[in-house]
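Everything quoted here is computed from the prediction, not taken from an experiment. Chain A is the first sequence line, chain B the second, and so forth, proteins listed ahead of strands; every chain is numbered from 1.
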Amino acid sequence: MANKGLDDHGQGIGRREVLECMVWAGTGVLWAMSGGVPHSVGLIGEAAAAESTGFTFLQMSDSHVGFDKKANPDALGTLREAVAKVKAMPMKPSFIIHTGDITHLSKPEEFDNADKVFGETGVQMHWVPGEHDLIDEGQGKAYMERYGKGAKGAGWYSFDDHGVHFVGLVNVVDLKAGGLGNLGAEQLAWLEADLKGKSNSTPIVVFAHIPLQVLYKEWGWGTEDGTQALTLLKRFGSVTILNGHIHQLAQKVEGNMTFHTALSTAFPQPAPGSAPSPGPMVVPSDQLRSMLGLSTVTVLQGNKPLAFVDKTLAG
Amino acid sequence: MKYLNSHLRSAAARFVPGRALAIAMLLGPAVGAMVAFGTVAAEETKDANVVTIDNFSFGPGELNVAVGTTVKFINHDDIPHSVVENNKAFRSKALDTDDAYSYTFASAGTFSYFCGLHPKMVGKIIVK
Ligand SMILES: [Cu+2]
C-alpha cells in the first residue's frame, strides 16, 4: 500500500503493517501509547479500561461546510451525522477541538450553518482556522470576528483544563510561494513565552490545521517552521499534536510526542502519492461514511500519553 | 485492504479528462476533421492566454505573452485555489470550481505566482 511518509520509520515492518491496516481500515480502535509503542486496547466502550481520568475531549476536523461536489454532495449532512454521534455519547466530552476547515469557502452562510450544527452538541468548542476558513474578502476577517475573540495574532491562543495545557496554533496564514504551512516568527515567539512558566511534567496538547511535522512534502502536508515549535516542546514529558488537513488518520509516536491527524467529516483524501493530487477522493457512496469520522481523546492517569478512539460515521 | 484499492482505482478514474473525449470526437470522421480543424485552431489561439488549474497544478507552468496580454486563470478542481503573485503584483480571490480570474500584463517582466491556499502550486508568466 502506498503510504510513504505516514509510517513510523525505524520500527519493525510487522508493527508498521499492523498500524497501517488498523488505521486505514478506520475501525474505531483505541490506541493507548506506552513506552512509545501504540497498542490497541479495545473499542470505544472499553475506554475505561485504560485508567481514564474521566477527562475526555473530542477532535473534529475538516467539516468543509458548503462543499457539495461529487466526493460528498452534502457535507453539512455528514457533519450533522457526526454531531448526532456526539450527542449520543454516554459520557459527555469536556469540549471539542476543531482543527480547521470549518467551512469550504468562508461564506457567512457556511459559518452560520456550521455554528448552528456544532451548537447542537451543547459542548464548548475550541477552534483553529484551516486555509478554507480565511478566503473571505477580508482574508480571515470573517473567521476572526467569530472565533478570534481573546486570541493573539491570526487566532492563536492557549488555555488550561484538568492540568493539561492546550495550545491552538495557526499555520495557514502568510504562506510563502513553494512552501508548506507557516507559523511565522511572531507566533513562535509567543509560543516560547507561553510555555516558559510550564513545568516539564505538564501534559501539553497542541492543535493546528496542517500537520506540524512533514508528512508528505510533495502535497504540502507539513509546516515549514514546524520543527521550531516541536523543539520548544521537547522538554515536556507528554506532548500530543492534533492536526487535520489530510482527511485521513495518521498516527506516529516519537519519544514523548504523539502525532495524530483526524478524519474529515466531509470527504476523504487519497493516501500520499496514491493519486495525481490530494483533491477530494470519490468513493462509492456506501463506503463514504467509513472514511469520515471524529476522534475521542482521553487523558490517562499518570504521565501517560493520551488515548485515542477514532470512530467513523459508519459505525 | 481490498476495498481501499478499489477506492484508489475509482479516484484514478476521476482524472480521465472529459475534454480529451470531446476533441477525439471532433477529429473522428475525416470530413468532420476539416471543419473541426478551424474550431480547434481558433480555440488554441484563445487558449494561448489561459492557465488552467487541474490536479493542484497550473498549466502551462510557464507562459510567454506579449505586453498588454490578458491572461485568464481557470480552476477545474473540486477544491478552491487562488492566484497570488510573489511580489503582490496581483492576487485573485479564491476560485471555486470553474471560476476564473483575469489579469492584464501592462509591463514586461517575469511574474512568478503561487496558490494562496496551496503554496506548493507555483507558476510563471513571462511578459515580453
Ligand atoms: Cu490551491
Inter-chain contacts: residues 88-101 of chain B against chain A, heavy atoms under 4.5 Å: B:Arg91, B:Lys93, B:Ala94, B:Asp96, B:Thr97

With a 4.5 Å heavy-atom cut-off, do A:Leu180 and B:Pro119 have their side chains touching? no

For chain A, which residues from residues 66-75 of chain B lie under 4.5 Å away (heavy-atom distances)? none

Is the NZ atom of A:Lys176 crowded by more than 12 outside heavy atoms at less than 6.0 Å? yes

Rounding to 0.5 Å, atoms CH2 (A:Trp221) and NE2 (B:His118) come to a distance of 10.5 Å

Taking all heavy atoms of B:Lys120 and all of A:Trp219, pick out the closest pair and write down the distance. CG-C, 4.5 Å

Can you name the residues of residues 102-112 of chain A that have some heavy atom under 4.5 Å away from a heavy atom in chain B? A:His104, A:Leu105

Taken to the nearest 0.5 Å, the spacing of B:Asp78 CG from A:Ser277 OG works out to 9.0 Å

Shortest non-hydrogen contact between B:Ile79 and A:Phe267, atoms and distance: CD1-CZ, 3.9 Å

What residues of residues 130-145 of chain A sit under 4.5 Å from chain B when only non-hydrogen atoms are counted? A:Glu131, A:His132, A:Ile135, A:Glu137, A:Gln139

What is the minimum heavy-atom distance between A:Ala177 and B:Asn86, and which atoms define it? CB-OD1, 3.5 Å

